[in-house]
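Worksheet for the structure shown next.
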Amino acid sequence: MNAEFIQNLPTAEQAIARLRELGMPKRNNELWSFFPVAKIPTPEFMGTDFATAPTTTPAAAPAHSSSDEAVQKETDFAALLPIANNARPMVREIVAGAAEMAMLKCNNDFGHTVLDIGKGAKVSLEILDNKVTHDIAAERFDINVGENADVEIFFANPACDLPLRFRHFNINQAAGSTIRFSSICKDTAIGRVSVECHLKGEGANFDYRSLHVLDGEASQHSRLTIYHEAPRTTSTQLARNLLSGSARVSYDGSVIVGYDCTGVNSSQLVNTILMSEDASVSVKPVLKIYHDDVECTHGNTVGELDAEQMFYLVSRGIPKKTAQEMLMRSFAQETFLPLPDTPAKKRLMSEV
């Protein structure tokens, strides 16, 4: 087990103290620019005077402990919420060279999963929903990936109507490691997935693919921050959205390339098809590059189903509704086609 990785995890007392420092999320905070923050209930531990409450170092943690330093760097409310609510961590070590498949499911409103994946391991992780009815659910995943490990993380759960759900991933990748992070969301309420990925070793690769198929009043939000901290690291972001009714999606993706990180390659692309006039999407790409020898791109497209393709199909006797479904399915499937033939791809393609 990576001792430093475990020691950096905050305690409940540290998380509460930090949350009282930060206060409740507000729209003028760039982390929450597009999110309906008024829908977030104030936790009891914040109290009515949290905005002016003095902050002190908890007695349980030394003043200069590594975990105390780590929690002071944390600025995302959703990342600290499960820990502040005393979510009992599920800690699992996957040894070097292991080959494992697992399903992870939180049994409570608040969950915390800690995974230390060893060198050269091959791991497939599917995240399942907890369907217990509650006002808010929040999960945190701390994942440390060793050298040359190959990991896929995915979720493609049936539509869920939980009022409010947060999922936060804190990922560290060593040299030569690969993570493929893929998801399909059909939820009908409010949700947010946030990912903070640190590419710490040369040749590390992070591949992110998401598909939102939303209708009604659904409001789903994605926040990614990818840190390229070593040479010749790569990251790919592909997000696709099919939006009907008054559904809303936001995508906030940041890429930070550090000094001396030559040969970095990063791409971000968001494609959205609006199936109604009231559906909407907000996209905010951020690139912070501190080295010249890199290739970083971003793009965003918003439109309707291709009129020429629709005409072609309808003119050959295919009913309009069926033609629309064919084009929507093709648009969705293209999100995951480049993935290798693994359990993740099979599961994702079956849900499209």
Side-chain angles (χ1 to χ4, degrees), residues 31 34 76 78-79 104 115 117 123-127 139-145 149-157 166-173 177-185 191-200 203-213 220-229 233-242 249-257 264-272 281-288 294-301 331-340 342-345 347-349 351-352:
L31 296 178
F34 305 117
D76 196 323
L104 303 177
L115 297 174
I117 300 173
V123 181
S124 177
L125 300 172
E126 181 174 8
I127 299 172
E139 298 173 80
R140 172 174 172 139
F141 299 83
D142 287 285
I143 304 173
N144 186 63
V145 182
D150 186 281
V151 181
E152 60 180 17
I153 302 167
F154 64 100
F155 45 97
N157 296 294
F166 296 129
R167 245 178 204 147
H168 178 80
F169 296 82
N170 179 40
I171 299 171
N172 292 325
Q173 290 186 235
S177 64
T178 294
I179 285 187
R180 294 179 299 278
F181 186 113
S182 309
S183 65
I184 297 176
C185 178
R192 180 178 184 264
V193 172
S194 50
V195 179
E196 182 174 310
C197 180
H198 295 262
L199 301 171
K200 292 180 170 295
N205 173 43
F206 179 75
D207 183 284
Y208 174 92
R209 296 171 187 273
S210 68
L211 172 67
H212 287 87
V213 184
Q220 297 293 323
H221 306 268
S222 302
R223 163 92 187 171
L224 271 76
T225 307
I226 301 174
Y227 295 89
H228 289 263
E229 300 175 2
T233 50
T234 60
S235 64
T236 303
Q237 301 173 59
L238 175 61
R240 288 198 159 189
N241 309 302
L242 284 164
V249 160
S250 74
Y251 191 90
D252 190 340
S254 298
V255 172
I256 297 95
V257 180
V264 164
N265 189 304
S266 174
S267 66
Q268 178 192 113
L269 179 61
V270 182
N271 303 129
T272 303
V281 61
S282 301
V283 178
K284 185 176 77 173
V286 176
L287 297 176
K288 297 181 180 179
V294 301
E295 184 176 344
C296 298
T297 63
H298 65 84
N300 173 38
T301 64
F331 175 84
Q333 289 177 337
E334 288 174 357
T335 311
F336 307 112
L337 280 176
L339 293 175
T342 62
K345 183 175 183 178
R347 179 79 173 92
L348 294 161
M349 295 298 279
E351 291 295 325
V352 171

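These numbers come from a predicted model, not from an experiment. We count residues from 1, following the sequence as given.
Here Glu229 pairs with Lys200 under the salt bridge (Lys or Arg N to Asp or Glu O under 4.0 Å) rule; sequence neighbours left out. Residues forming a side-chain contact (heavy atoms from CB on, under 4.5 Å) with Ala78 (at least two apart in sequence, or on another chain): Trp32, Asp76, Phe166, Arg192. Take Glu139 and apply the side-chain hydrogen bond (donor to acceptor under 3.5 Å, both in side chains) test, not counting sequence neighbours, and it matches Arg167. Asp207 is linked by a side-chain contact (heavy atoms from CB on, under 4.5 Å) to Arg180, Arg209, Thr236, Leu339, counting only residues two or more places apart in sequence or in another chain. Every residue meeting the ring pair (Phe, Tyr, Trp, His ring centres under 6.0 Å) condition with Phe141, not counting sequence neighbours, appears here in chain and number order: Phe169. Here Tyr227 pairs with His198 under the ring pair (Phe, Tyr, Trp, His ring centres under 6.0 Å) rule; sequence neighbours left out. Applying the side-chain hydrogen bond (donor to acceptor under 3.5 Å, both in side chains) criterion to Thr272, with sequence neighbours excluded, gives Asn241. Residues passing the side-chain contact (heavy atoms from CB on, under 4.5 Å) test with Ala204, sequence neighbours excluded: Gln173, Ser177, Leu199, Thr233. Legend: residues meeting salt bridge (Lys or Arg N to Asp or Glu O under 4.0 Å) with Lys284, ordered by chain and number and at least two apart, are Asp252. Here Ser250 pairs with His221 under the side-chain hydrogen bond (donor to acceptor under 3.5 Å, both in side chains) rule; sequence neighbours left out. Contacts of Thr342 classified as side-chain hydrogen bond (donor to acceptor under 3.5 Å, both in side chains), with partners at least two apart in sequence or in another chain: Glu152. Remark: Glu351 engages Ala156, Ile184, Lys186, Arg347 in a side-chain contact (heavy atoms from CB on, under 4.5 Å) (not counting sequence neighbours).
A side chain to side chain donor-acceptor pair (under 3.5 Å) with Tyr251 is found for exactly one of Gln237, Gln220, Arg223, namely Gln237.
Ile143 is listed as a side-chain neighbour of Ile117, based on a closest heavy-atom distance under 4.5 Å. Contact annotation: the side chain of Asn170 approaches that of Arg140 to within less than 4.5 Å [non-hydrogen atoms, C-beta and beyond]. For the pair His228 and Ser235, the minimum side-chain heavy-atom distance is below 4.5 Å. Two residues are said to be in side-chain contact when any heavy atoms from C-beta on lie closer than 4.5 Å; Asn144 and Asp142 fail this criterion. Between Leu238 and Tyr208, the closest side-chain pair of non-hydrogen atoms is not below 4.5 Å. Side-chain contact between Cys296 and Val257: present, with at least one pair of heavy atoms (C-beta onward) separated by less than 4.5 Å. Counting only heavy atoms from C-beta outward, the side chains of Val145 and Ile179 approach each other to under 4.5 Å. A heavy-atom distance below 4.5 Å is found between the side chains of Phe181 and Phe206.
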Report task. Evaluate the criterion side-chain hydrogen bond (donor to acceptor under 3.5 Å, both in side chains) for residue pair His298 and Ser267; output intermediate values, then yes/no. Result -> CA-CA 6 Å; His298 65 84; Ser267 66; over 6 Å; no
Requested in this report: Would you check, one step at a time, whether the test side-chain contact (heavy atoms from CB on, under 4.5 Å) holds for Ile153 with Ile127?
Outcome: CA-CA 8 Å; Ile153 302 167; Ile127 299 172; 3.9 Å; yes
Query - Test log, rule side-chain hydrogen bond (donor to acceptor under 3.5 Å, both in side chains), inputs Ser183 and Ser210 - result: CA-CA 5 Å; Ser183 65; Ser210 68; 4.9 Å; no
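Under the 3.5 Å distance criterion, with hydrogens and angles disregarded, a donor-acceptor pair is assigned to the side chains of Thr234 and Asn205. No donor-acceptor contact under 3.5 angstrom links the side chains of Asp150 and Thr178, judged on distance only.
For the atom pair Thr225 OG1 and Leu31 CG, the distance stands at 7.0 Å (nearest 0.5 Å). If you take CZ on Phe155 and SG on Cys185, they are separated by 8.0 Å, rounding to the nearest 0.5 Å. Rounding to the nearest 0.5 Å gives a distance of 6.0 Å between CG of Leu115 and CG of Leu125. Note that CZ of Phe34 and OG of Ser282 are 5.0 Å apart. Values are rounded to the nearest 0.5 Å.
Of all the heavy atoms in His212 and Ser222, the pair that sits closest is CE1-OG, 3.7 Å.
The backbone N or O of Ser266 sits nowhere less than 3.5 Å from a side-chain atom of Glu295 that would complete a donor-acceptor pair.
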